[in-house]
Every structure is written in C-alpha cells, then in structure tokens.
S.K.: 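I am attaching a structure below and will ask some questions about it afterwards.
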Amino acid sequence: QYVSDFAWSSATSAYQIEGGWNADGKGESIWDNFTHAGRSHNNETGDDACLSYYKYKDDVQLLRNLSVGYYRFSLSWPRIIPTGEINDGINQPGVDYYNNLIDELLANNIQPMVTLYHWDLPQALQDKYEGWLDQSGIIVKAFADYTDFCFKTYGDRVKFWITFNEPFITAQLGYGVAAFAPGHYSPGEGVYYAAHSIIKSHAQAYHIYNNTYRESQKGQIGITLNSNWADPMTRTDLEHVEASQRNLAFATGWFADPIFGTGDYPDIMRYNVSTFYLFPKLSKAEKLLNKGTSDFFGLNHYTSHLWLSSASTWLYQVPWGIRKLLIWIKRTYGDPVIYITENGISEHFSDGLDDDIRVNYYKNYINEVLKAIKEDDVNVKGYTAWSLMDNFEWAEGYSERFGLHWVNFTDPERTRIPKKSASYYRSLAGNHEFKSPRERDEFHYGTFPEGFKWSVSTSAYQVLTKIIVRFFCQNCNLCLKQIEGGWNVDGKGESIWDTFSHTPGKRANNETGDIACDSYHKVKEDVNLVKMLGVQQYRFSISWSRIFPDGTTSYVNQAGVDYYNSLIDSLLKIGVEPVVTLYHWDLPQALEDVGGLLNETVVDRFNEYADFCFKTFGNRVKFWITFNEPYVITWLGSPGEAPYQAAHNIIKAHAKAYRTYKKFYKGKQGGRIGMTMSTEWAEPKDPNNPSDVEAADRVIQSILGWFAHPIFKNGDYPEVVKKQVNERSQLQGTPSRLPVFTDAEKVEIAGTADFFAINGYTSRLVTYQDKSTWPPSYENDRDTHEEPIPGAIQATPDWLKIVPWGMRRLLNWLDREYGHPTVYITENGVGTSDATVDDQIRVNFYKAYINEALKAQQLDGVDLQGYTAWSLMD
C-alpha cells in the first residue's frame, strides 16, 4: 500500500496538447518551425493537437475522474513571452490562459506541477543566438527572466516547479543528431555545449526561486531527468558492469552529477569526451552554483535494454528495471526525494480503448516502485503516468499513442474517451493500494487517537427506519417515530411531520410521533443513557417549531427554550459536549403553508432562528450543524425543478447562518459550524468500463457534491451536475431546472463549513443507463442505474445492505475531492425489524464499519476526528 499523501499525477506538455500555435499573440516555437518544415511523421504538426488551449476545463475533468492529486503540465515560453526576451513584452492572453488553468485545477483540488521548459524554445532565440548553443550568457539570462516572471505570476498557487524536462533529449536529439527541434546537427561539441547552457540556466532559475520566492511562496523546485536502466549483459563480468555504469554516467550522471553530486560532470565523461571533442568546463564558481540545486530528483523512466517490445522501437517492458534504477539513484546521489515524473507505454492502434498492454505496464511498473519504497527504502514521493491523453508525439506525430484517454484527431472537437487503463490507474490513485477483495476486508488492529470524538445521536422528530431518506428507497410508507413526543405541549407549534403523520394513510398503521420516546419529559433518563455509553458528544436536533411556533420571531416559546437549556446543561454536567443540529427536517407548518423551502424567504427565516439559537445556547454549544441531510429533504419532493429550488434555498440559508455565526458569535463563543451531508458509496459495476466509472462518480456528485461542492469549493454546483441537468432540460424543451447562483452568492457560500460532516450507511453498484426519455426528476437526471452489492448481508430496512468497505472508500473520496478536510461521521448504524435486545447484527455492523473508518484514518491519512452511532434509542 502507498502512503496517503503519495503524489499521484498524470502529465502532458504544452506543444503536444495545446494547439492554438499562433493564437492570441503566441510567438513561434522551434517545434512550430520544425514541423512546418515537414520534419515529423506524415508532415503532421501540433498546430491544433488536442485543442487544450480551448478545452482545458475538459482536461481538468479527466484528471478529476482519475482521482489524481497532481497534474504535471508545461508552460509554453513563446505563449507567455513571444520572442523569448522579456524586454520585448509579454503576451497577456497567454498569461491568462495559464492563470485560468491553474485556478481550474485548484478548484478541483488538483495541485499544479509545472514544467518551465518542455522543449518548445521561442524560435526567435534560436534564430538570434543559436538557442541553447549560445555561450555568451544571453540564453541563460533570457531563461532566468522568463522563470522569474513565472514565479512572480503563478507562484502564489504553484508549489511544485520543474525547470527542464529531459535536458538529455534536448541536447542529444535537438542539437546532436537533429531528430528533434531545432534540428541542429552537431553530434560532437554541439551536444555538450547545449547541455552546458541548460545546466547553468537551471542553476540560475533555482537560485532565483530560492533567494526571492521560496520563503513567501513555500514551494519546491527541481529538474526532471530521463534515464533508462542499463543492466550488464553478464553481471559477473567486470567489463560489462563498468560498461553499464558508463552508460548511466553519460545518460543520467551528465546532468545529475552537477546538480545532485559534485557540481561538475562525471569524471569518466570528462575524460572520455575530452579525448575527442572540446568538452566545456565548469568553473569553480559555477560548480558551487550548480551543486544542490534541486529539492527533489524528477525521474522520467520508460524502459531498460532488451525484452518485450511496444509500439515504440525503443521501448521495452522491463518492470524490474525501474526498481534497480531507483536503488541506483538512492545510492549514487545520497538518498534524494524522488518523484517519478513520467512513466508509460505507447500503442499504434488508433482506437485502442481496450489497452490491456498499458494496464499491465502500469500494474507491473507501479508495483516495482512500491517494492523500491517498502523493501529498499527508496524515498519516492510521487508517480506520474504519461500521458493524460493521446497527443502529438513529437517526431512520430499522431502515429504513436501514450494516452490514458483516446483522442479523436479527426473530430474538430477532439473528443476524449477514457481507455481501460484510465479506470485501472484511477483504482490505484484512488485507493493507494494493490489489494484483492479478500485483503480489502481484513480486520485492522489499531487505536483511534486521543481526542477522537465518540458520539451518539437522535433528532427532535425522528425517523426510526430512515427508509425514506435514502436515494435507493423503493417505498415511502414505512414507520415513523419521534424522539421528543409532546408534539403540541407547552406552546409548541405544528411541524410538517406532525401534519404528515396526522394525515390518514401517510404512515404505516397511521402511527405518529405524538408520544414516541417521550424525551421531552425524560431528559434525565436520556442523559443517563448517554453517560453510560461513555461518549464525548451527544448529537441532537432542536425543533424549530418548539422555539418559534410559527417559524418566525413573532413569538418565542419559552417552555421550548427551557427544555433545550435543561438538556444542554445536563449534558455539560456529565462532561458530554452537545452537538446541535438546527434543522432535522421538521419545518414549522406555518412556513410550509407559504411555500416552505421553495419560498426564498425561508433563507431569512432560518437565519433569524439560527441567530436566536446562537445567542441563547452558544455560550455552551460549541459544535453546530445547520442542516441534516439536505439531499433527503429535497429529492422526496415534487419532480421537475422543485428539488433543485429547495436545495438552492437550503444552501443559501446555510451560508447566511454560517456568516452570521462567524461575524457575531464565533470570536467570543469559539465554536464550530458546518452542515451534515449524506450519501452512499457508489461502486462502478465494471471498474474497467469508463461509462460505469463516470456513472458512479455522477451519483456521488449529484447527491453529496450537490451540496458539498458549493460549500467546500467555489460556491457553485459541480460541473457534471450542471451539465446533466442542462442537457436533460434541453431535451425536454425547457430552460435548465437548476437555479443559478449569482457571483455574490458564490462568494457568500464558498468556505462556509469548519468541518465536513457525513452520514453514510450502505453502498450500491452503479452502471450507466440512458434515461433521457424518462420523466424529468432529480434521480433520472443522473442517467444511472443502481443495484445492491452482490453478497452483501441484507439488513433492515430493505435498502440497507451491509457493505463496510464502502465507508472507507467514501471517506477517501471526499478526502481527495475536498482537499483533506476535517471529517466527522455524524450518523452510521443499522436497523432491525424486531424488538430484540440481542442485536448481534448491530454489534457486527459497528465492528466492521468502525474498523473501516480506522483504516481510512490510520492507513489512508483521512483527517477523521469523530464517529456518531445512529441512534441512542429506537
């Protein structure tokens, strides 16, 4: 298993994907010039490539679906500074493009891993100064100015910089044998002088960052070198061993020794080359300037010599070679931090979606990396799959495909389609581990940390079975019970659940919560139960209509206020922290009579109610939840636009209450406030089928993300939700049923939670199903079909299958999706259909689910700080 903060990534480079080669003021690069001269396969060019200059948001969604935490991409120097020299001016549209890309990545909790130079030198620098062959210092200064501008412009958000990608390739293929741009042929001295300029340029860039930006920006900077493993033909033959070491010195040590070693070129290289060519020398000052100029060792690795071939004539699958190379780097360069910044395999098939060769390649290579980490103690911190999508593969044009996503280069829209390898890589990046189902269910022994909050819960007007709250529910006519009872005593107003349960035929056996557990009169008994459990918290809800009988401030029911004061004081007396939910579904009926959650005035009414609670109870309550499971409140309503409008108002009401608490109470009361959201884990039925993977993600985004995305991200709904609802609405000939937040509302909503509270009970298999012709409803908008997990134990109610491992996957998903928030499980439990006290099924349920929570916290690094059992009593 990989550690939780291991940096999973995928990569591209500017020239290979962006297109827009001369758009919006971009200057010509050496690759533009090279391909326009007909020097690539079939005279193909990167003029359009994948059109990522226009489709960067689509690319970010591909990354999000891969569950990676990083994206390695490069900046196009001539897109930012057309001539390469900053005094000639910058190109603002190019600057804006990368600003937009970086912001979009961060909005999706993907960290940018930015390469400053990935082979596309401004052609003007090649024409005026011979590019990297220049030894006057002009090219070094031009690169220094360019990097300084990038650090200054993007460094507030970019924390991972790579100066050069594979300088060996630039020198050898670009300035040696002329196979790559700029097509300069000088296999002797030209190669070494180009490398000489690159090494000095890298050192200058490192010191600019280190001296000027590191302290304020807190990032890291390094270089990416490429290296194949060279295994001696005969390991017992000293000449063969020396030959393999010579190969590594010339390919890798050429750049690694100056940067990670002595500051100078390898001895064997200086000796051998100077015999035939004028080999550049590094001065004492330059050696000191070079030495130690990388915070990590960026490694691109693809192959070792011999064995099974791929589409590339140079690329052979030798998985064990990467482990040997990693060990060699550790031993040769003093155990540096290593990031694998490229690794992958190509095919020639134009429609290779079923790319088992790539699946096997990743499986075997990544497993060898895991061995190097676990068995050889190599300090590898990240892995990057090359590449995110099929792209312009340099001199090979579009004939060679490395992508996790297939790109249709004959389609003007450059459609991207996930390959089987994308699903496989997602499973690794998402779960951090190679495990069989049997290993997945193994019990983990460990201890939750000191300070972990154990809790138990109820709500004022309580649902016993909770069957109606799940999106898999098939039946709404199941038994309703209440905790508090006393539905109309001491001035309490009628709630929507009072009305609902008093209406004949709405509930099984026409039962109501009028008496229920009579907790309104049994504070002492309930608190004693809490005390006996030994928990640190008790989560309960306040009945809005017990405080404000008609839902407004026109009348305060003091008897209701006194009840909650008594409950809170009794809890604090036994050392239990009250966790208070302001709204657990029991809206005052008087507000429902004027539109309820569909009437935007509910936003202000809820804020007034919340403000009163903060003012009245906040000196003792330090943990607030605004709404419980807003998804449940909304989807049981009318089809069409009603669920969306109700959700819209709930989110605005939550945000307004949060801002009220933060502005007027948080400073003096010192509490925390958030919202409890709900979902079940959605497992793709076929994890190798991209349609199922996307469908499962849509389920979670449309249930959990519907509310979490606005609060924990950018104040707006998830893109996939907006896209689905808009498309379905258009098919039905109506405007989008999804309301739109204004820019001011987005600012007001974003960041309105001090913790992530989640209720979870079960899991389902999900597959794609086209429901475009079905009646409009929130569930149908997903275009999915859900079914039970095969083999899962059936519990009560019918929708609840016991799937413990789903809890861990859910916790990992929200950890990745929302940027490692502090998490509290605020409900988890199982029902039974009888009145037995010998509830072994519940014992087993808690044991299994809580153990999966422990795995998520201890093995995966999820910041889980509390667990709440549902519920204190029937």
S.K.: Give a yes or no answer on whether the side chain of Glu786 reaches the backbone of Val766 with a donor-acceptor pair at less than 3.5 Å.
M.R.: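 Checked: no pair found.
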
S.K.: Any idea how Phe617 and Tyr564 line up, ring-wise: parallel (<30°), tilted (30 to 60°), or perpendicular (>60°)?
M.R.: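 Rings of Phe617 and Tyr564: perpendicular, over 60°.
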
S.K.: Please walk me through it: do Tyr644 and Trp706 pass ring pair (Phe, Tyr, Trp, His ring centres under 6.0 Å)?
M.R.: CA-CA 9 Å; Tyr644 297 109; Trp706 188 10; 5.8 Å; yes

S.K.: Evaluate the ring planes of Phe845 and Tyr849, with Trp represented by its six-membered ring, and classify them as parallel (under 30°), tilted (30 to 60°) or perpendicular (over 60°).
M.R.: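 Geometry flag for Tyr849 against Phe845: parallel rings.
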
S.K.: Can you tell me if Asp860 uses its side chain to pair, donor with acceptor, with the backbone of Val862 under 3.5 Å?
M.R.: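 Not at all, since once roles are kept as given, no pair shorter than 3.5 Å links the two residues.
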
S.K.: Using the rule given for side-chain contact (heavy atoms from CB on, under 4.5 Å), can you reason through Tyr717 versus Phe741, listing the C-alpha separation, both sets of side-chain angles and the distance that settles it, and then say yes or no?
M.R.: CA-CA 9 Å; Tyr717 298 116; Phe741 291 117; 3.3 Å; yes

S.K.: Do Lys801 side-chain atoms and Asp798 backbone N/O form a donor-acceptor pair below 3.5 Å?
M.R.: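 Between the backbone of Asp798 and the side chain of Lys801 there is no qualifying donor-acceptor contact (under 3.5 Å).
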
S.K.: Set out, in order, the CA-CA distance, both residues' side-chain angles and the distance that settles side-chain hydrogen bond (donor to acceptor under 3.5 Å, both in side chains) for Asp526 and Ser519, then state yes or no.
M.R.: CA-CA 7 Å; Asp526 290 354; Ser519 289; 2.6 Å; yes

S.K.: Check whether any side-chain N or O of Ser678 sits under 3.5 Å from a backbone N or O of Asn759 as a donor-acceptor pair, and report yes or no.
M.R.: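 Side chain of Ser678 to backbone of Asn759: no pair is present.
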
S.K.: Let me see the working for Leu811 and Ile825 under side-chain contact (heavy atoms from CB on, under 4.5 Å), right down to the final yes or no.
M.R.: CA-CA 9 Å; Leu811 291 170; Ile825 296 171; 4.2 Å; yes

S.K.: When you measure from the side chain of Ser545 to the backbone of Gly493, do you find a donor-acceptor pair of N or O atoms at a distance under 3.5 Å?
M.R.: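 The answer is yes, because a donor-acceptor pair under 3.5 Å joins these two groups.
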
S.K.: Side-chain contact test, heavy atoms from C-beta onward, threshold under 4.5 Å: evaluate it for Asn714 versus Lys746 and give yes or no.
M.R.: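 Counting from C-beta outward, Asn714 and Lys746 never come under 4.5 Å.
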
S.K.: Measuring from Thr660:OG1 to Asn607:CG, what's the distance to the nearest 0.5 Å?
M.R.: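 Rounded to the nearest 0.5 Å, the OG1-CG separation comes out at 3.5 Å.
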
S.K.: Working to the nearest 0.5 angstrom, can you tell me the gap between Leu872 CG and Ser455 OG?
M.R.: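 Leu872 atom CG to Ser455 atom OG measures 9.5 Å (nearest 0.5 Å).
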
S.K.: Give the intermediate values and the outcome of salt bridge (charged side-chain N to carboxylate O under 4.0 Å, His left out) for residues Glu817 and Lys713.
M.R.: CA-CA 9 Å; Glu817 184 73 6; Lys713 288 197 174 181; 3.1 Å; yes

S.K.: Could you point out which residue of Phe712, Phe707, Trp813 forms a ring-ring contact (aromatic ring centres under 6.0 Å, His included) with Phe756?
M.R.: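 Only match with Phe756 under ring-ring contact (aromatic ring centres under 6.0 Å, His included): Phe712.
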
S.K.: Is there a side-chain contact between Ile651 and Phe627, using heavy atoms and a 4.5 Å cut-off?
M.R.: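 Ile651 vs Phe627: side chains apart.
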
S.K.: Provide the closest heavy-atom pair for Ala657 versus Ile673 in the form atom of the first, atom of the second, distance.
M.R.: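 Taking Ala657 first and Ile673 second, the nearest heavy atoms are O-CD1, 4.4 Å.
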
S.K.: For atom CD1 of Ile793, decide whether the heavy atoms of other residues, nucleotides or ligands shown that lie under 6.0 angstrom number more than 12.
M.R.: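 Counting other residues, nucleotides and ligands, CD1 of Ile793 stays at 12 neighbours or fewer.
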
S.K.: Please give me the minimum heavy-atom distance between Leu582 and Ala610, naming the atom from each residue.
M.R.: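 Reported closest heavy-atom pair: CD1-CB, 3.9 Å.
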
S.K.: Is it true that the side chains of Thr676 and Thr826 contain a donor and an acceptor less than 3.5 Å apart?
M.R.: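 Per modelled atom types, Thr676 and Thr826 side chains form a pair under 3.5 Å.
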
S.K.: Kindly determine whether Tyr609 and Tyr583 satisfy ring pair (Phe, Tyr, Trp, His ring centres under 6.0 Å), including the steps that lead there.
M.R.: CA-CA 10 Å; Tyr609 158 60; Tyr583 184 80; 8.2 Å; no

S.K.: Just verifying a value: how many Å separate Leu854 CG and Met807 CE, rounded to the nearest 0.5 Å?
M.R.: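 Here the interatomic distance stands at 13.0 Å.
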
S.K.: Quick check: do Met677 and Leu814 have side-chain heavy atoms less than 4.5 Å from each other?
M.R.: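 No - every pair of side-chain heavy atoms lies 4.5 Å or more apart.
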
S.K.: Going by heavy atoms in the side chains, are Glu592 and Thr499 under 4.5 Å from each other?
M.R.: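 Not touching, per the 4.5 Å side-chain cut-off.
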
S.K.: Quick check on Lys531: does its NZ atom have over 12 non-hydrogen neighbours (other residues, nucleotides or ligands) under 6.0 Å away?
M.R.: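 Count not over threshold, so no.
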
S.K.: Judged by atom type as modelled, is there a donor-acceptor pair below 3.5 Å linking the side chain of Arg842 to the main-chain atoms of Gly829?
M.R.: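 Such a contact is absent between Arg842 side chain and Gly829 backbone.
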
S.K.: Which distance, rounded to the nearest 0.5 Å, do you find between the CD of Gln645 and the CG of Asn599?
M.R.: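 Those atoms lie 9.5 Å apart.
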
S.K.: Could I get the full list of ring-ring contact (aromatic ring centres under 6.0 Å, His included) partners for Phe755, not counting sequence neighbours?
M.R.: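 By the ring-ring contact (aromatic ring centres under 6.0 Å, His included) rule, Phe755 matches Phe623, Tyr824.
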
S.K.: Nearest 0.5 Å please: distance from the CZ atom of Arg808 over to the NZ atom of Lys855.
M.R.: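 Arg808 CZ to Lys855 NZ: 6.0 Å, rounded to 0.5 Å.
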
S.K.: Checking side-chain polar atoms at under 3.5 Å, does Asn565 have a donor or acceptor matched by the opposite partner on Arg620?
M.R.: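 Yes, Arg620 and Asn565 have a side-chain donor paired with an acceptor closer than 3.5 Å.
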
S.K.: Cation-pi check, Lys615 to Phe664: give yes when NZ or CZ is under 6.0 Å from the six-membered ring centre and within 45° of the ring axis, no otherwise.
M.R.: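 No - Lys615 does not lie over the ring of Phe664 by the 6.0 Å and 45° rule.
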
S.K.: Tell me, do Trp799 and Thr762 make a side-chain contact under 4.5 Å, heavy atoms counted?
M.R.: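 The answer is yes; the side chains approach within 4.5 Å.
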
S.K.: Do Lys622 and Gln669 have side-chain heavy atoms sitting under 4.5 Å apart?
M.R.: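 The answer is yes; the side chains approach within 4.5 Å.
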
S.K.: For Gly674, is there any backbone N or O sitting under 3.5 Å from a side-chain donor or acceptor partner on Thr752?
M.R.: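 Looks like no, no N/O pair under 3.5 Å.
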
S.K.: Tell me if a side-chain donor or acceptor on Ser570 pairs with a main-chain N or O of Ser566 at a distance below 3.5 Å.
M.R.: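 Here the side-chain-to-backbone pair exists.
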
S.K.: If you define the side chain from C-beta out and look only at heavy atoms, does anything of His709 sit under 4.5 Å from Val721?
M.R.: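 In short, these two side chains do not touch, never coming nearer than 4.5 Å.
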
S.K.: Within the 3.5 Å criterion, strictly below it, is a donor on Asp498 or Ser495 matched to an acceptor on the partner's side chain?
M.R.: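 Result is yes, a qualifying pair exists.
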
S.K.: Say whether, by atom type as modelled, one donor and one acceptor occur between the side chain of Glu680 and the main chain of Tyr761 under 3.5 angstrom.
M.R.: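 Such a contact is found between Glu680 side chain and Tyr761 backbone.
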
S.K.: Just by distance, do the side chain of Asn108 and the backbone of Ile110 share a donor-acceptor pair under 3.5 Å?
M.R.: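 Flag not set: sc Asn108 to bb Ile110 has no pair under 3.5 Å.
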
S.K.: Of all the heavy-atom pairs spanning Ser543 and Lys492, show the shortest one and how long it is.
M.R.: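 Closest approach of Ser543 to Lys492: OG-CE, 3.6 Å.
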
S.K.: Run the side-chain contact (heavy atoms from CB on, under 4.5 Å) check on Val580 and Ile542 step by step: do they pass?
M.R.: CA-CA 7 Å; Val580 176; Ile542 293 177; 3.5 Å; yes

S.K.: Does Trp585 reach the side chain of Ile496, with side-chain heavy atoms less than 4.5 Å apart?
M.R.: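 Of all side-chain heavy-atom pairs linking Ile496 with Trp585, none is under 4.5 Å.
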
S.K.: What's the separation between atom OG in Ser67 and atom CZ in Arg816, rounded to the nearest 0.5 Å?
M.R.: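 Reported value, rounded in 0.5 Å steps: 4.0 Å.
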
S.K.: So, using salt bridge (Lys or Arg N to Asp or Glu O under 4.0 Å) as the criterion, who are the partners of Glu745 when residues are at least two apart?
M.R.: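 Per chain and number, Glu745 pairs via salt bridge (Lys or Arg N to Asp or Glu O under 4.0 Å) with Lys652.
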
S.K.: Step by step, would you call Phe612 with Phe548 a ring pair (Phe, Tyr, Trp, His ring centres under 6.0 Å)?
M.R.: CA-CA 10 Å; Phe612 178 85; Phe548 293 166; 5.3 Å; yes

S.K.: One pair to check against side-chain contact (heavy atoms from CB on, under 4.5 Å): Glu827 and Asn628. What are the steps and the verdict?
M.R.: CA-CA 10 Å; Glu827 281 185 31; Asn628 178 75; 3.4 Å; yes

S.K.: In terms of ring plane angle, is the pair Phe500 and Trp497 parallel, tilted or perpendicular, where the classes change at 30° and 60°?
M.R.: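 Perpendicular: the ring planes of Phe500 and Trp497 meet at over 60°.
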
S.K.: Can you spot which of Val561, Asn557, Thr616, Thr553 makes a side chain to side chain contact (heavy atoms under 4.5 Å, CB included) with Ile547?
M.R.: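 The option that passes is Val561.
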
S.K.: Applying side-chain hydrogen bond (donor to acceptor under 3.5 Å, both in side chains), run through Tyr555 and Asp550 and close with a yes or a no.
M.R.: CA-CA 8 Å; Tyr555 173 66; Asp550 68 355; over 6 Å; no

S.K.: Are side-chain N/O atoms of Gln865 and Asp863 paired as donor and acceptor at under 3.5 Å?
M.R.: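 Note: Gln865 and Asp863 side chains meet the donor-acceptor criterion.
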
